[in-house]
Amino acid sequence: MEKQVSLPRGTKDILPDEVQLWQRIEATAAVIFGRCHCSEIRTPIFEATELYARGIGEATDIVSKEMYTFIDRGERSVTLRPEGTAGVVRAFIQNKMFALPGPQKLWYSGPMFRYERPQAGRQRQFNQIGMEIFGTSSPKADAEAILVSLDIFEALGVQGLEVQINSLGCPDCRGNYRKALVAFFENKKEEYCSDCQSRVELNPLRVLDCKVPACKALNQDAPSIQETLCEGCREHQKELLAFLDSVGTSYRLNPKLVRGLDYYTRTVFEVVSGSLGSQNTLCGGGRYDNLVEECGGPPTPAVGWSFGVERLVMILGGKGNVLPLDLFVASLGEAAERKAFELAHGLRKSGLSVETDFSGGKLDKQIKQAIRLNAKFLLILGEDELARGECLLKNLSERSQGAVPLEGAVEAIAGLVK
RNA sequence: GUGGGUGUAGCCAAGUGGUUAAGGCACCGGAUUGUGGUUCCGGUAUGCGAGGGUUCAAAUCCCUUCAUCCACCCCA
């Protein structure tokens with residue numbers, strides 16, 4: 001055998017037995033998006049590098065060390081999209097969707113790329129399904145967005161999820177909190193882990209969700225962002241929670257919830273699962289009221305989220321069902337095989353799923369193959385049947401069998417099988 | 001980018017310097033010339049992720065490399 005080429009690091013083939021589940025996820029999401037009048041948008045898989053550098057933030061891990069960036073033949077720097085929001089925002093602005101009446105609700109689905117070390121629940125190419133609502137700062141939109149994600153998970157039968165919510169404030173009040181937090185850290189800097197010490201410089205909020213027990217203990221006494229929110233942000237969150245309460249959705253207010261993208265304002269949230277291992281976030285999102293303007297559009301508040309399809313597949317247990325098969329067509333002898341081929345073709349056109357024998361082997365082998373494929377019915381056409389002008393139709397589960405005249409066989413069999 | 005684990009057939013694996021690399025599942029053939037998943041018999045690795053080295057002798061020891069898994073950073 002020739003030397004094999006294997007797939008690139010951090011990528012995965014999605015094989016037929018799992019594709020069934022993917023199709024179910026995609027179809028379910030599409031239905032639920034449709035119910036809240038949310039339209040699909042499809043944007044390119046690569047964009048100008050500058051879009052991500054400006055939109056996501058130069059200092060974030062995604063931009064500083066995880067992007068698949070290359071120079072194309074026209075000497076442009078382009079990047080495989082590491083997340084979906086920036087591209088959708090770009091499309092929203094470029095196509096002047098801000099001029100359309102009312103808030104715009106958009107959803108997307110597709111692969112994202114981040115150059116990271118693979119581990120459980122993390123790949124270099126992975127798929128996200130996400131939604132964005134542009135043009136309203138109402139906390140009702142935050143609540144609706146969260147509920148849409150939960151509706152999708154519920155419709156798929158996902159159990160054991162927890163919604164965590166926090167507010168990161170707005171440019172007015174976030175600065176105050178940041179100052180208070182840095183002051184708190186400076187006092188006990190030596191007691192924190194080395195990661196946290198560098199986090200204080202880069203993104204102090206990150207210290208809050210450090211996993212090291214010593215840091216966690218120290219953080220008990222850290223000031224809470226919830227206490228330094230300005231009046232507007234406090235009110236926004238209160239209304240969001242009231243909307244969630246009104247439909248009986250449970251959530252946990254987590255003042256230490258921080259997210260890795262720079263563009264979030266006010267609401268941030270995550271949907272976490274206990275059955276994902278260390279990467280336990282299934283869905284993450286929040287409000288980003290300044291991003292559209294920062295990307296060159298008119299001031300437009302927005303809120304959105306995305307979930308990882310691979311992580312959802314993990315929770316749902318991976319394997320779906322095998323492809324059902326209505327009928328297996330067995331044949332013996334050359335003339336019979338041709339007639340059987342013709343019947344199979346006709347039955348497929350009439351809507352049945354049909355598989356035929358390719359081996360030309362003995363009848364018992366063909367029957368075993370039909371059973372292995374989990375066929376409901378078996379059609380047998382040998383030289384004897386052909387001579388009599390009929391074929392045999394066998395119900396494999398009931399082990400019953402009857403003759404069907406070849407004349408009009410397609411209609412007769414389609415009626416019996418369906 | 002950092003740390004640890006693992007690579008033997010399609011899958012699960014035994015083997016820790018010495019005949020011909022166990023076993024199970026799956027697959028293929030036969031017993032059984034045209035009717036069922038059982039049973040029985042037989043077959044399937046010039047090869048142990050790849051490359052180099054040590055040795056009379058290497059899946060086994062050493063070096064390099066690749067892949068994979070788990071964790072950190074961070075995130076879906």
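All heavy atoms count here, side chains included; hydrogens, waters and symmetry mates do not.
- Residue contacts for A:Gly130: at a heavy-atom cut-off of 4.0 Å it reaches no nucleic acid atom on any strand shown.
- In this model, the phosphate group of B:A26 is not approached by any side-chain N or O of A:Arg372 to a distance below 4.0 Å at OP1 or OP2.
- For the pair A:Ile225 and A:Tyr177, the tightest heavy-atom approach, listed with the atom from each and the gap, is N-CE1, 3.3 Å.
- Side chain of A:Leu363, nearest nucleotide from B:C74, B:U35, B:C70: B:U35.
- Under 4.0 angstrom from either OP1 or OP2 of B:G30 there lies at least one side-chain N or O belonging to A:Lys362.
- With both ends at atom P, the span from B:G10 to B:A45 equals 10 Å, rounded to whole Å.
- The shortest distance between side-chain heavy atoms of A:Arg372 and A:Gln369 falls below 4.5 Å.
- Contacts of A:Arg399 with the nucleic acid, taken as non-hydrogen atoms under 4.0 Å apart, include base atoms.
- When heavy atoms are screened at a 4.0 angstrom cut-off, A:Leu378 is found touching no nucleic acid atom at all.
- Side-chain contact of A:Thr267 with A:Asp142: a donor-acceptor pair under 3.5 Å is present, judged by distance alone.
- Under 3.5 Å, the side chain of A:Glu270 and the base of B:A76 form no donor-acceptor pair of N or O atoms.
- The CE atom of A:Met67 sits 17 Å away from the C1' atom of B:G1 (whole-angstrom rounding).
- Between the CG atom in A:Leu240 and the CD1 atom in A:Ile146 there is a gap of 5.0 Å [rounded to 0.5 Å].
- What separates CG of A:Asp384 from P of B:U33 is a distance of 15 Å, to the nearest Å.
- Side chains of A:Asp245 and A:Tyr251: a donor-acceptor N/O pair is present below 3.5 angstrom, by distance only.
- Residue order along RNA chain B, read from the 5' end via each residue's closest nucleotide, puts A:Glu398 first among A:Pro8 and A:Glu398.
- At the heavy-atom level, A:Leu312 lies nowhere under 4.0 Å from the strands shown.
- Look at CG on A:Leu332: it is 10 Å from C1' on B:U35, rounded to the nearest Å.
- B:A71 and B:U2 make up a base pair, with Watson-Crick or G-U wobble contacts both under 3.5 Å.
- With hydrogens and angles left out, the side-chain atoms of A:Thr85 and A:Glu132 include a donor and acceptor closer than 3.5 Å.
- Among B:C73, B:A71, B:A31, the nucleotide with an atom closest to any side-chain atom of A:Ser278 is B:A71.
- For B:C27, the paired nucleotide is B:G43, the pair qualifying as Watson-Crick or G-U wobble because both relevant distances are below 3.5 Å.
- Side chains of A:Thr11 and A:Gln125: no donor on one and acceptor on the other come within 3.5 Å.
- One P atom belongs to B:U60, the other to B:G24, and the distance between them is 26 Å to the nearest Å.
- A:Glu83 comes within 4.0 angstrom of no nucleic acid atom, judged by non-hydrogen atoms across all strands.
- Here, B:U54 and B:A9 have their C1' atoms 29 Å apart, quoted to the whole Å.
- Residue A:Asn374 contributes atom CG, which lies 16 Å from atom P of B:G37 at whole-angstrom precision.
- Residue-level contact check: A:Arg114 touches the bases, meaning some heavy atom is under 4.0 Å from a base atom.
- A close approach under 4.0 Å does occur between a side-chain nitrogen or oxygen of A:Arg9 and OP1 or OP2 of B:U68.
- Set against B:C74, B:G34, B:C72, the side chain of A:Asp195 has B:C72 as its closest nucleotide.
- The separation of B:U32 from B:C40, taken at their C1' atoms, amounts to 12 Å, rounded to a whole angstrom.
- Residue A:Gly285 is classed as having no contact, given no heavy-atom separation below 4.0 Å to the nucleic acid.
- A straight line from CD1 of A:Ile315 to P of B:A76 spans 15 Å, rounded to a whole angstrom.
- Residue contacts shown for A:Glu383 include a base, since a base heavy atom lies under 4.0 Å away.
- For a distance-only test at 3.5 Å, the side chain of A:Gln369 fails to qualify as a donor-acceptor partner of the base of B:G37.
- Phosphate proximity of B:G36 to A:Gln366: absent, as no side-chain N or O sits under 4.0 Å from OP1 or OP2.
- The phosphate of B:A67 (OP1 or OP2) has no side-chain N or O of A:Arg117 nearer than 4.0 angstrom.
- Straight-line distance from the NZ atom of A:Lys12 to the C1' atom of B:U68: 9 Å, rounded to whole Å.
- Nucleotides B:U68 and B:G49, compared at atom C1', are 10 Å apart to the nearest Å.
- If you take CD1 on A:Ile25 and CZ on A:Phe153, they are separated by 9.5 Å, rounding to the nearest 0.5 Å.
- Computed from coordinates, the A:Phe113 CZ to B:A76 C1' distance equals 14 Å when rounded to whole Å.
- The aromatic ring of A:Phe307 is not stacked on the base of B:A76, since the criterion of ring centres less than 5.5 Å apart with planes inclined by under 30° is not met.
- Here the separation of B:U20 from B:U2, taken at their C1' atoms, is 46 Å to the nearest Å.
- Base-pair partner of B:U16: not found among the strands shown (Watson-Crick or G-U wobble, both distances under 3.5 Å).
- Put simply, NZ on A:Lys394 is 12 Å from P on B:G37, counting in whole angstrom units.
- For the OP1/OP2 pair of B:C73 and a distance below 4.0 Å, the side-chain nitrogens and oxygens of A:Lys211 include at least one atom meeting the criterion.
- The C1' atoms of B:C27 and B:U44 are separated by 9 Å, rounded to the nearest whole Å.
- The side-chain heavy atoms of A:Glu144 and A:Lys105, taken from C-beta on, include a pair separated by under 4.5 Å.
- The pairing partner recorded for B:U64 is B:A50, the criterion being a Watson-Crick or G-U wobble arrangement whose two distances lie under 3.5 angstrom.
- OP1 or OP2 of B:G29 has not a single side-chain nitrogen or oxygen of A:Lys368 nearer than 4.0 Å.
- Side-chain nitrogen and oxygen atoms of A:Gln119 include none within less than 4.0 Å of the OP1 or OP2 phosphate oxygen of B:C69.
- In this structure the side chain of A:Leu244 never reaches within 4.5 angstrom of the side chain of A:Val163, judged on heavy atoms.
- Under the 90° criterion around 0 for the glycosidic angle, B:G47 counts as syn.
- For B:C74, neither phosphate oxygen OP1 nor OP2 lies less than 4.0 angstrom from any side-chain nitrogen or oxygen of A:Arg122.
- Nucleotides B:C48 and B:A58 have their C1' atoms positioned 11 Å apart, rounded to a whole Å.
- Using a 4.0 Å heavy-atom criterion, one finds that A:Leu396 contacts the bases of the nucleic acid, with or without backbone contacts as well.
- Where A:Ser6 and A:Gly121 each meet RNA chain B at their nearest nucleotide, the meeting point lying more 5' is that of A:Ser6.
- Using Watson-Crick or G-U wobble geometry with both donor-acceptor distances under 3.5 Å, B:U38 finds no partner in any strand shown.
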